[in-house]
Number of protein chains: 2
Amino acid sequence: MTTAEPAPIELPEEPTQARRFGKARTAQSAALLEDYAELIADLLATGGEARPTDIARRLGVSHATAIKAIARLKREGLATARPYRGVFLTEAGEHLAGRVRLRHRLVVDLLLAVGVPREAAEQDAEGIEHHVSDATLAAFSRFLAGR
Amino acid sequence: MTTAEPAPIELPEEPTQARRFGKARTAQSAALLEDYAELIADLLATGGEARPTDIARRLGVSHATAIKAIARLKREGLATARPYRGVFLTEAGEHLAGRVRLRHRLVVDLLLAVGVPREAAEQDAEGIEHHVSDATLAAFSRFLAGR
DNA sequence: ATGAAAATGTAGCCTTGGCTACACTTGGTT
DNA sequence: AACCAAGTGTAGCCAAGGCTACATTTTCAT
């Protein structure tokens with residue numbers, strides 16, 4: 001048994017399907033941060049300030065939950081906040097929010113374009129957008145442009 | 001202050017946006033069960049049996065995680081399983097799997113139809129499908145039929 | 001200026017969905 | 001028949017994202 005090993009190496013072979021599911025799971029983890037970033041940007045742009053309570057109300061969660069999420073945003077370098085002083089986005093946070101907003105618009109527009117009623121489009125986009133890859137987004141954009 | 005109350009009742013007014021986010025969050029909880037049900041149906045149909053290890057491998061999680069999820073499926077009345085004996089779907093489970101499979105196909109087809117490359121379509125559909133409402137699904141179906 | 005209401009923050013608990021480590025069946029070879 | 005590998009199951013841990021309850025700080029009207 002020196003050289004004649006049948007080499008049962010069975011290379012890693014992460015099944016494609018497993019990779020897909022794994023990615024979908026990961027995407028879901030980023031989703032929350034994206035929602036918060038987008039909302040904060042929106043509040044900052046329109047109302048001038050983003051307070052935990054407003055964020056919580058808009059998202060339909062308790063203020064405690066919102067504060068925890070904000071802490072996570074800070075940990076990830078997406079936002080800054082001083083006690084009792086409102087939340088702000090860092091450069092990175094702004095960037096993220098911008099991309100998210102664009103993506104959201106594109107998803108809604110595509111849904112509308114294929115005939116989804118407005119209400120459903122707005123509703124479903126909220127969940128769908130977090131799973132749309134760049135390639136898909138590009139395709140959406142192309143489709144909307146050329147018709 | 002008997003009749004002249006200015007009625008500051010401020011009816012619940014759950015903000016639309018909050019409702020949307022809430023729904024997206026809830027959908028996510030059902031997603032896992034859907035994936036498992038679909039996969040189990042697939043394994044049962046093709047291989048003849050659905051073992052926890054196979055399920056785990058296909059989903060890219062540890063077998064322990066799969067077993068926990070199977071326990072949840074049982075709790076929800078979607079599957080049955082006796083120790084060391086493989087997993088089976090109940091009537092309800094079959095039903096769910098069927099709907100999920102149909103929806104999955106429809107989502108992939110729509111993505112392809114608007115020009116998303118196959119690989120991205122398969123990938124993104126895995127995440128998107130769980131957030132597609134019936135209304136949207138119907139629209140997809142209509143769109144695919146009439147073109 | 002002060003006192004109450006609103007906003008904020010903290011603590012502790014729950015469930016989900018992951019994981020690793022360890023124990024126990026099963027079943028196929030030898 | 002007995003052994004061992006593969007498959008199963010159990011226990012215990014972790015982080016995320018919810019919640020409620022309680023404490024603290026701001027703010028704003030009087």
Side-chain angles (χ1 to χ4, degrees), chain A residues 8 10 14 18-37 39-40 43 47-76 78-88 126-127 130, chain B residues 8 10 14 18-37 39-40 43 47-76 78-88 126-127 130:
Chain A
E10 191 71 43
E14 162 132 358
R19 209 185 49 242
R20 279 196 201 123
F21 279 113
K23 247 192 194 169
R25 274 195 307 270
T26 306
Q28 191 266 313
S29 154
L32 237 248
L33 284 309
E34 294 180 349
D35 285 341
Y36 274 87
L39 176 54
I40 291 169
L43 288 172
E49 68 173 343
R51 292 141 74 226
T53 298
D54 301 336
I55 296 172
R57 189 152 38 224
R58 287 278 288 272
L59 255 21
V61 299
S62 73
H63 79 276
T65 297
I67 286 175
K68 254 201 210 175
I70 291 166
R72 201 168 143 225
L73 280 176
K74 290 202 282 185
R75 239 187 306 141
E76 310 263 346
L78 295 170
T80 60
R82 281 163 351 284
Y84 296 94
R85 234 75 232 182
V87 185
F88 299 89
E126 216 60 72
H130 303 292
Chain B
E10 192 71 38
E14 162 132 2
R19 209 184 50 244
R20 277 193 203 131
F21 279 112
K23 243 190 195 170
R25 275 194 306 268
T26 306
Q28 191 268 316
S29 155
L32 238 245
L33 285 310
E34 293 180 349
D35 284 341
Y36 275 88
L39 176 53
I40 291 169
L43 287 172
E49 67 173 344
R51 293 143 74 228
T53 299
D54 302 335
I55 296 171
R57 191 153 33 225
R58 287 277 289 271
L59 255 23
V61 299
S62 74
H63 81 276
T65 298
I67 286 175
K68 254 200 212 174
I70 291 166
R72 198 166 144 224
L73 280 175
K74 289 203 283 187
R75 243 188 302 143
E76 310 264 344
L78 295 169
T80 60
R82 282 170 340 290
Y84 297 93
R85 236 74 230 179
V87 186
F88 300 90
E126 215 62 71
H130 303 293

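Given the structure is predicted, the values throughout are model-derived calculations rather than measurements. Chain letters run A, B, ... following the sequence lines, proteins first and then strands; every chain starts at 1.
- Rounding to the nearest 0.5 Å gives a distance of 8.0 Å between CZ of A:Arg58 and CZ of B:Phe21.
- For A:Lys68 and C:dT15, the NZ to P distance is 14 Å, given to the nearest whole Å.
- Considering only residues two or more places apart in sequence or on other chains, B:Asp54 meets the salt bridge (Lys or Arg N to Asp or Glu O under 4.0 Å) condition with B:Arg51, B:Arg57.
- At whole-Å resolution of the value, CD1 in A:Ile70 and P in C:dA7 are 14 Å apart.
- Here the P atom of nucleotide D:dA16 and the CG atom of A:Leu73 are 12 Å apart, to the nearest Å.
- Distances shorter than 4.0 Å separate some side-chain N or O of A:Thr65 from OP1 or OP2 on D:dC19.
- Here D:dG18 presents its C1' atom at 17 Å from CD1 of A:Ile55, a figure rounded to the nearest Å.
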Under 3.5 Å, sequence neighbours excluded: what are the donor-acceptor pairs made by side chains of residues 62-71 of chain A?
from    : atom 1 : to      : atom 2 : distance (Å)
A:Ser62 : OG     : A:Thr65 : N      : 3.2
A:Ser62 : OG     : A:Thr65 : OG1    : 3.0

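- At a non-hydrogen distance threshold of 4.0 Å, nothing from residues 21-28 of chain B comes into contact with DNA chain C.
- If you measure from atom CD of A:Glu49 to atom C1' of C:dA7, you get 11 Å, rounded to the nearest angstrom.
- To the nearest 0.5 Å, atoms CD1 (B:Ile55) and CD1 (B:Ile40) are separated by 4.0 Å.
- A:Ser62 has no side-chain polar atom (N or O) that falls below the 4.0 Å cut-off from OP1 or OP2 of D:dG18.
- Annotation: B:Lys23, atom NZ; neighbour count of heavy atoms from other residues, nucleotides and ligands within 6.0 Å does not exceed 12.
- We find the CG-CD distance between B:Leu78 and B:Glu34 to be 10.0 Å, quoted to the nearest 0.5 Å.
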Under 3.5 Å donor-acceptor pairs involving side-chain atoms of residues 25-33 of chain B, not counting sequence neighbours:
from    : atom 1 : to      : atom 2 : distance (Å)
B:Arg25 : NH1    : A:Leu59 : O      : 3.4
B:Thr26 : OG1    : B:Gly22 : O      : 3.0

For nucleotides 5-10 of chain D, read 5' to 3', which letter fits each nucleotide if B means a protein heavy atom sits under 4.0 Å from the base, S means only the sugar-phosphate is that close, and - means neither? --BBBB

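- With a 4.5 Å cut-off on side-chain heavy atoms, B:Asp35 and B:His130 count as touching.
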